[in-house]
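Computed from a prediction, not measured in an experiment: that's the story for all the values here. Naming convention: chains lettered A, B, ... in sequence-line order (proteins, then strands); numbering from 1 in each chain.
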2 protein chains.
Amino acid sequence: MKTSRSYGKHSHATLASVAKRAGVSIATVSRVVNGAPVKIAAQTVLAVRKAVADLDYRPQSAGRALRKGTTQIIAVLAANLGNPTMAAIASSIEHALRQNGYVMLLCDTHEQADIQDEYLREMEALRVRAVIMVVAVPSPKLDEFRQAGIPLVFVNRRDPVRSPFPYVGIDNAAAGRDVADYCLAKGWRDIAVIHASLVYSAGRERLQGFLERLQQAGGDMRPVRQFGSAGLDHLRIGEQAMQELLAQQMRPDAVICLSDLLAYGAYKQASGAGLAIPRDLTMISFDDGPLNQWIAQWLSAVRIPYELIGNAVISVLTAMLENPQDKTPRAQAAMDKIIPHQLIIRG
Amino acid sequence: MKTSRSYGKHSHATLASVAKRAGVSIATVSRVVNGAPVKIAAQTVLAVRKAVADLDYRPQSAGRALRKGTTQIIAVLAANLGNPTMAAIASSIEHALRQNGYVMLLCDTHEQADIQDEYLREMEALRVRAVIMVVAVPSPKLDEFRQAGIPLVFVNRRDPVRSPFPYVGIDNAAAGRDVADYCLAKGWRDIAVIHASLVYSAGRERLQGFLERLQQAGGDMRPVRQFGSAGLDHLRIGEQAMQELLAQQMRPDAVICLSDLLAYGAYKQASGAGLAIPRDLTMISFDDGPLNQWIAQWLSAVRIPYELIGNAVISVLTAMLENPQDKTPRAQAAMDKIIPHQLIIRG
DNA sequence: TAGCATAATGCAAACGTTTACATAAACAGA
DNA sequence: TCTGTTTATGTAAACGTTTGCATTATGCTA
């Protein structure tokens, strides 16, 4: 069993070297390796397999990519890796992709259009198989991509432009309504909302669903106060928003934060001001990242089941890759994958 | 200015198409694009540049990779993306790599040897330029890699095998001593430590430095109690360790956790048991991830300046890529990049 | 036995780059 | 005018795959 391999060191095995060792042509080796749909003598298969194992052969993706015009790489463009929820989503996607023979190329766009564009360009040059946008922003190159035939999947935030590309994530409006229902059940009369930018689908839908349901319910509710500003750093936005809130006379019964990070920022400010959460103030947020249950027991939240996102993405992705013809808006919108959320009450 | 481009849609521009448009050979285009060290007529350069711009040409990395035998991809194998500190480090590295014209390929090894190996194999097939191991475990393929000539950098945890490859991170032993000094200054007599596996450099050195300094100081200190177990999930290890600790008679003055996540786990357990941190119990950890200052004000911690790691990695990496001959242990060990840590006191 | 389908494999082109080498043009020195 | 040198550019091979087509061997039908 002791072969003298691993002394060729640097030079990796190639189809040619495997073919030579197995005494066949490179075409045959390629066919065996790829399980091509042709008959190959059992004996030959065995010989090739052995040579492959002996030489520790792995197809070099450069050659393959050049020939086939595509790769096994799937790019994930995430808006902010510093956000634990997004990191958890990336991790989940990575898992699912690996299980399916893809490799994940993960980038951090910092939610900036120019960085996103630079990455998209790079992905084009790399000939990635597909691009998964975890919270996308509108950008010129993204516009081009929609026409370019490279499959796109939008996670957590829908395509900022209404497009035929699928969305994977929770039903944000429904989540907003659930939070409203909970508030109503608690009999709260004075509620504040902390938000970041509302131009994107996730935040906007959450807020709409929430307000809509409160309105439906009627009752003697005070008008919902809204705090926040557009911007990238939810932590600071939350901090500032809470500061403004606390500067007002009335302390609300509850503060709804449209993301975990907003809640974290608000929490720091409130704590600094001497408030105890949730004793003095109930806080509810959206996302419910994996750390909340450990160190944010003061926070109730709508949980995005991030562990499920990987598989959900894979399922829409494989559907897209298998029926590349189905480019009609109807066909693809039907591929949206809405995953179930859950309101977790803590504290 | 209105060229009729972008109607060629799918078919990307290639050297050939650019060459044709500029009226030169593909060799010339390649030289211009790559800034080859040869004289080229100013006029020609201009013509090529224009054609490149008109066609929105980008070199396809498959062709380049095939020809050059390497890529601009640098792989980052991180042990756990769910750890905010590691996510922050990944983000920092990504930033620095992008600035230097590389692309980051980020993987999550879950600190498992088999997954790590699978990725290493994949990286080999992809012909990545270098591999950055953010918390590595020993594995057979890693052994092969050390000989294979692919640059390796170890971040946060040294190569589990003593090797000539550089380490980027804090001086863990010194950090441990700093924590000990702080404890001594506070006059604490009874201290507990919560740890995960101690077979790796980071945890081991932290603990050694800590104990060593306490011992040096002498005094009427109680023996340091240690809790914890080997395993991957620091959160649960911390939780369990705190449970064991609280089951004992004496409540210590302080609990030192060898990582943030251990502290989070311990915190949940302690809170659940009705303890207020830090009122009833001081906790100190190592890492100090980016969220601590927002939602873990109860936790003091040795801060790894993760924002600095990206640039530190880049600097050792470029040094390695430029002097590939310098493979002597001395030369490379000298390349270790120790970044400064800081003990942040909160609460 | 000739003719022909079928099964198994080989041959060679193509993918887009980079780069060693060849060539052409221009010019200087004699 | 011829030779030699410099400068700018072109030619073609190579990198490792996949795959349409050609080829050979085998078995079957008539």
Side-chain angles (χ1 to χ4, degrees), chain A residues 8 10-49 51-52 55-73 101 122 124-129, chain B residues 8 10-49 51-52 55-73 121-122 124-129:
Chain A
H10 281 219
S11 59
H12 304 260
T14 68
L15 274 188
S17 61
V18 174
K20 192 163 149 195
R21 180 173 245 264
V24 298
S25 74
I26 61 168
T28 301
V29 178
S30 174
R31 288 193 264 255
V32 170
V33 169
N34 294 345
V38 296
K39 299 244 77 172
I40 304 198
Q43 188 192 13
T44 310
V45 172
L46 249 51
V48 170
R49 289 255 166 77
V52 165
L55 298 174
D56 195 22
Y57 169 75
R58 273 216 137 194
Q60 298 208 23
S61 50
R64 182 176 289 200
L66 186 54
R67 172 66 217 230
K68 314 234 307 183
T70 187
T71 60
Q72 288 298 98
I73 300 177
E122 186 68 36
E124 211 174 10
L126 273 173
R127 316 225 61 166
V128 299
R129 191 66 142 283
Chain B
H10 281 216
S11 58
H12 304 261
T14 69
L15 274 189
S17 61
V18 174
K20 192 161 150 197
R21 181 174 246 263
V24 299
S25 76
I26 61 168
T28 302
V29 178
S30 174
R31 287 193 265 255
V32 170
V33 168
N34 295 347
V38 296
K39 300 241 77 170
I40 304 198
Q43 188 191 13
T44 309
V45 172
L46 249 52
V48 170
R49 289 254 167 76
V52 165
L55 297 175
D56 194 22
Y57 169 74
R58 274 214 136 193
Q60 300 207 21
S61 50
R64 180 176 290 196
L66 186 54
R67 173 64 217 233
K68 315 236 306 185
T70 187
T71 59
Q72 288 297 97
I73 301 178
R121 244 180 275 277
E122 186 69 35
E124 211 175 11
L126 273 174
R127 318 226 60 167
V128 299
R129 191 66 142 281

message = Measure CD1/A/Ile26 against C1'/D/dG20 and give the value in whole Å, please.
response = 14 Å
key: Under-4.0 Å side-chain N/O to phosphate OP1/OP2 contact, B/Thr14 with C/dG16   = no
note = Ranking C/dG16, C/dA12, D/dG10 by distance to the side chain of B/Gln60, first place goes to C/dG16
ask   = What is the distance from NZ of B/Lys68 to C1' of C/dT19, rounded to the nearest Å?
value = 10 Å
query = Rounded to whole angstrom units, what separation is found between the NZ atom of B/Lys39 and the C1' atom of D/dT5?
reply = 17 Å
inquiry  = Taking any heavy-atom pair under 4.0 Å as a contact, classify A/Ser30: base, sugar-phosphate, or nothing.
reply    = base
query = Can you tell me how far P of D/dC15 sits from CG of B/Leu126, to the nearest Å?
reply = 20 Å
inquiry  = Rounded to whole Å, how long is the line connecting atom NE2 of A/His12 with atom C1' of D/dC15?
reply    = 13 Å
task = In whole angstrom, give the distance that lies between atom CZ of A/Arg64 and atom P of D/dT18.
result = 5 Å
Value rounded to 0.5 Å, distance of NE2 in B/His12 from CG in B/Asp56 = 10.5 Å
task = Remember a base hit wins even if backbone is also touched, and classify B/Leu15 as base, sugar-phosphate or nothing at under 4.0 Å, heavy atoms.
result = base
message = Could you tell me how far apart B/Arg127 (CZ) and C/dT17 (C1') are, to the nearest whole angstrom?
response = 15 Å
ask   = Can you find a pair of side-chain heavy atoms, one from A/Val18 and one from A/Val33, that are under 4.5 Å apart?
value = no
query = From C/dA8, C/dG10, C/dT9, pick the nucleotide closest to the side chain of A/Ser25?
reply = C/dG10
message = Donor-acceptor pair, distance only, cut-off 3.5 Å: does the side chain of B/Arg127 make one with the backbone of B/Gly69?
response = yes
key: Nucleotide of D/dT17, C/dT9, C/dT19 approaching A/Ile40 most closely (side-chain heavy atoms)   = C/dT9
ask   = Which of these nucleotides, D/dG10, C/dG16, C/dT17, is closest to any side-chain atom of B/Leu66?
value = C/dG16
inquiry  = Heavy atoms from C-beta onward define the side chain here; which of D/dT17, C/dG16, C/dT18 lies closest to that of B/Arg67?
reply    = C/dT18
message = On the side chain of A/Arg31, is there an atom forming a donor-acceptor pair with the base of C/dG10 - under 3.5 Å, no angle test?
response = yes
remark   = Between CD of A/Gln43 and P of C/dA7 the distance, given in whole Å, is 18 Å
query = Is the backbone N or O of A/Ala125 less than 3.5 Å from a side-chain atom of B/Ser61, with the two atoms forming a donor-acceptor pair by type?
reply = yes
query = Looking across every strand, which nucleic acid part, if any, lies under 4.0 Å from A/Ala41 by heavy atom: base, sugar-phosphate, or nothing?
reply = sugar-phosphate
inquiry  = Whether B/Thr28 contacts D/dG10 is assessed here as follows: a side-chain N or O lying under 4.0 Å from the phosphate OP1 or OP2. Is that the case?
reply    = yes
ask   = Heavy atoms, side chains only, cut-off 4.5 Å: are A/Arg58 and B/Glu124 in contact?
value = no
query = How is B/Ser61 classified with respect to the nucleic acid when contacts are heavy atoms under 4.0 Å: base, sugar-phosphate, or nothing?
reply = nothing
